[in-house]
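Report on the structure given below.
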Amino acid sequence: MALSQQIKNRNASELLNLAILGVLLLLYAPILLHWLDGWLNKNISTEHEYFSHGIIGLPFAAYLGWMNRKKWKRLPNSIHPLGPVLLLFGAVFYLSGVTEWVNLSLPVILVGLCMWFKGIAGLRSQGFPLLLVFLATPTAVPYLIAPYTLPLQSFIAGTAGFILNQFGMDVTVDEINLYVGGRIVEVAPYCAGLKMLFTTLYVGLMLLYWTDALSSRRTVIGFLSLAVIISICANIIRNTLLTFFHGTGQEAAFKWLHDGWGGDLYSACMLVSLVPLLNWINSYFSVSETQQEGESH
């Protein structure tokens with residue numbers, strides 16, 4: 001009888017999980033498809049384009065959640081008081097009809113479900129996948145920080161102008177504007193590399209998790225710091241090329257790198273460079289730790 005009861009409870013639990021998954025798919029499939037279409041075809045708002053790293057991040061989060069399923073099942077059932085509260089807030093956000101709130105309802109409901117079924121232990125078990133979902137959820141954060149990017153825009157414009165001047169081009173820099181060949185190129189907030197910076201940090205976190213390097217504070221700080229520097233340098237080079245193309249009348253090349261697949265290819269190459277960078281940092285710190293252990297003995 002006891003075994004029969006356990007089987008019934010297990011089947012009921014699995015049916016409940018499938019039902020919840022089905023409801024979530026019905027509620028959020030249209031939203032996720034809207035995000036995906038906007039990110040791929042760039043017909044979504046500029047601020048939401050900043051979160052296009054969700055194209056790789058959301059599937060990876062789903063994969064990690066699926067891989068953690070056995071660990072999840074072994075956790076004891078425990079309802080945390082915040083679980084139903086977050087589910088209520090998520091429902092209110094979803095039903096509000098306000099775009100930002102509807103978007104945020106996804107991570108809120110997911111966190112609420114974890115705390116409803118498994119408490120804090122469940123939240124910790126799915127912590128990283130939930131973080132990936134949250135960081136890929138389009139919000140107004142880029143819009144809020146855009147006014148504070150003026151120093152970065154000015155730095156990029158000045159550096160791009162300096163580089164082109166070294167190659168004999170007559171370039172005048174006025175704050176965030178570059179004048180060359182009777183044309184003007186503006187280093188707007190979007191062109192300041194915020195999108196690339198967001199993507200770099202996001203992919204960097206994924207790589208750190210994949211290589212089990214998140215536990216090393218030195219590796220995390222060193223890798224993300226260098227990744228930010230690489231992202232900024234790559235964006236300076238990109239803006240230099242855009243200014244050169246526009247100033248010399250090469251509009252096809254300008255559009256290819258600015259709006260076309262050339263920009264995506266450029267970003268992808270920069271992101272690929274993070275892999276050998278992380279490998280080098282891991283090797284460097286492992287050698288350093290080995291030397292320190294040898295000296296201690």
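All values reported here derive from a predicted model rather than from experimental measurement.
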Can Thr199 and Ser267 be said to form a side-chain contact (heavy atoms from CB on, under 4.5 Å), step by step? CA-CA 9 Å; Thr199 303; Ser267 298; over 6 Å; no
Going by heavy atoms in the side chains, are Ile31 and Leu106 under 4.5 Å from each other? no
If you count heavy atoms of other groups shown closer than 6.0 angstrom to CZ of Phe89, is the number above 12? no
Within the distance-only criterion (no hydrogens, no angle test), does the side chain of His80 pair as donor or acceptor with the backbone N or O of Gly122 below 3.5 angstrom? no
Report whether Phe162 and Ile232 are members of the same hydrophobic cluster (ILVMFWY, side-chain heavy atoms less than 4.5 Å apart, transitive linking). no
Hydrophobic cluster membership, with links at side-chain heavy-atom distances under 4.5 Å among I/L/V/M/F/W/Y: are Leu214 and Trp280 in one? yes
Is the centre of the Tyr202 ring less than 6.0 Å from the centre of the Phe51 ring? no
Quick one: do Ile221 and Leu205 end up in the same hydrophobic cluster if we chain Ile, Leu, Val, Met, Phe, Trp and Tyr together by side-chain heavy atoms under 4.5 Å apart? no
Do you know the tightest heavy-atom contact between Ala121 and Leu75? O-CD1, 3.8 Å
Between the CG atom in Leu58 and the CG atom in Leu132, the distance rounded to the nearest 0.5 Å is 8.5 Å
Using the side-chain contact (heavy atoms from CB on, under 4.5 Å) rule, take Ile237 and Leu241 through it: C-alpha gap first, then chi angles, then the decisive distance, then the call. CA-CA 6 Å; Ile237 295 173; Leu241 292 172; 4.2 Å; yes
Please determine whether residues Val92 and Leu24 belong to a single hydrophobic cluster, defined as Ile, Leu, Val, Met, Phe, Trp and Tyr linked transitively by side-chain heavy-atom distances below 4.5 Å. no
Which atom of Val180 lies closest to which atom of Gly247, heavy atoms considered: CG1-CA, 3.6 Å
With rounding to the nearest 0.5 angstrom, report the OH to CE distance, Tyr209 to Met206. 11.5 Å
Leu130 vs Val133 side-chain heavy atoms within contact, under 4.5 Å: no
Separation between CD (Glu100) and CZ (Phe93), nearest 0.5 Å, reads 11.5 Å
More than 12 heavy atoms of other residues, nucleotides or ligands under 6.0 Å from CH2 of Trp256: yes or no? yes
Is there a donor-acceptor pair closer than 3.5 Å between any side-chain N or O of Gln126 and the backbone N or O of Cys114? no
Checking Ser52 side chain against Glu49 main chain: does a donor-acceptor pair fall under 3.5 Å? yes
Does any non-hydrogen side-chain atom of Ile145 lie less than 4.5 Å from one of Leu194? yes
Nearest non-hydrogen partners of Asn103 and Pro138, listed with the distance: ND2-O, 3.2 Å
Keeping the roles fixed (side chain from Ser231, backbone from Val228), state whether a donor-acceptor pair exists under 3.5 Å. no
Sidechain-backbone polar pair: Ser273 side chain, Met270 backbone, donor-acceptor under 3.5 Å: yes
Gap separating the NE2 atom of His53 from the OG1 atom of Thr200, nearest 0.5 angstrom: 10.5 Å
Which heavy atom of Ser96 sits nearest a heavy atom of Trp101, and at what distance? OG-CB, 3.5 Å
So among Ile184, Val187, Thr240, Leu242, which one has a side-chain contact (heavy atoms from CB on, under 4.5 Å) with Leu178? Val187
Which residue pairs satisfy the salt bridge (Lys or Arg N to Asp or Glu O under 4.0 Å) criterion with at least one member in residues 264-274, sequence neighbours excluded? Lys42-Asp264
Are any non-hydrogen side-chain atoms of Phe244 and Thr248 less than 4.5 angstrom apart? yes
Does the side-chain contact (heavy atoms from CB on, under 4.5 Å) test come out yes or no for Tyr28 and Leu110, once each step is laid out? CA-CA 12 Å; Tyr28 288 100; Leu110 291 177; over 6 Å; no
Any idea how Tyr63 and Trp210 line up, ring-wise: parallel (<30°), tilted (30 to 60°), or perpendicular (>60°)? tilted
The test is side-chain contact (heavy atoms from CB on, under 4.5 Å); show your working for Val185 and Asn177 and say whether it passes. CA-CA 6 Å; Val185 176; Asn177 298 314; over 6 Å; no
Kindly give the heavy-atom pair with the smallest separation between Lys118 and Lys73, and that separation in Å. NZ-O, 3.9 Å
For residues Thr243 and Met169, determine if any side-chain heavy atom of one lies less than 4.5 Å from a side-chain heavy atom of the other. no
Using only atom types and a distance under 3.5 Å, with no angle test, would you say the side chain of Asn165 pairs donor to acceptor with the backbone of Gly161? yes
For a 4.5 angstrom cut-off between non-hydrogen side-chain atoms, does Leu87 reach Ile109? yes
Output yes when a side-chain donor or acceptor of Tyr50 lies under 3.5 Å from a complementary backbone atom of Val141, and no otherwise. no
Do Leu224 and Leu208 come within less than 4.5 Å of each other through their side chains, counting heavy atoms only? yes
If you count the non-hydrogen atoms of other residues, nucleotides and ligands that lie under 6.0 Å from CZ in Phe134, is the total more than 12? no
Tell me, please, whether Trp72 has Arg69 positioned over its six-membered ring: NZ or CZ under 6.0 Å from the ring centre and within 45 degrees of its axis? no
Taken to the nearest 0.5 Å, the spacing of Asn235 CG from Gln153 CD works out to 10.5 Å
Of all the heavy-atom pairs spanning Gly54 and Pro59, show the shortest one and how long it is. O-CD, 3.6 Å
To the nearest 0.5 Å, what is the distance between CG on Leu64 and CG on Leu131? 11.0 Å
Linked, directly or transitively: Val98 and Trp35 (ILVMFWY side chains, under 4.5 Å): yes
Neighbour count above 12 (heavy atom, 6.0 Å) for Gln250 CD: yes
Are the side chains of Phe155 and Ile236 in touch, meaning some heavy atoms are under 4.5 Å apart? yes
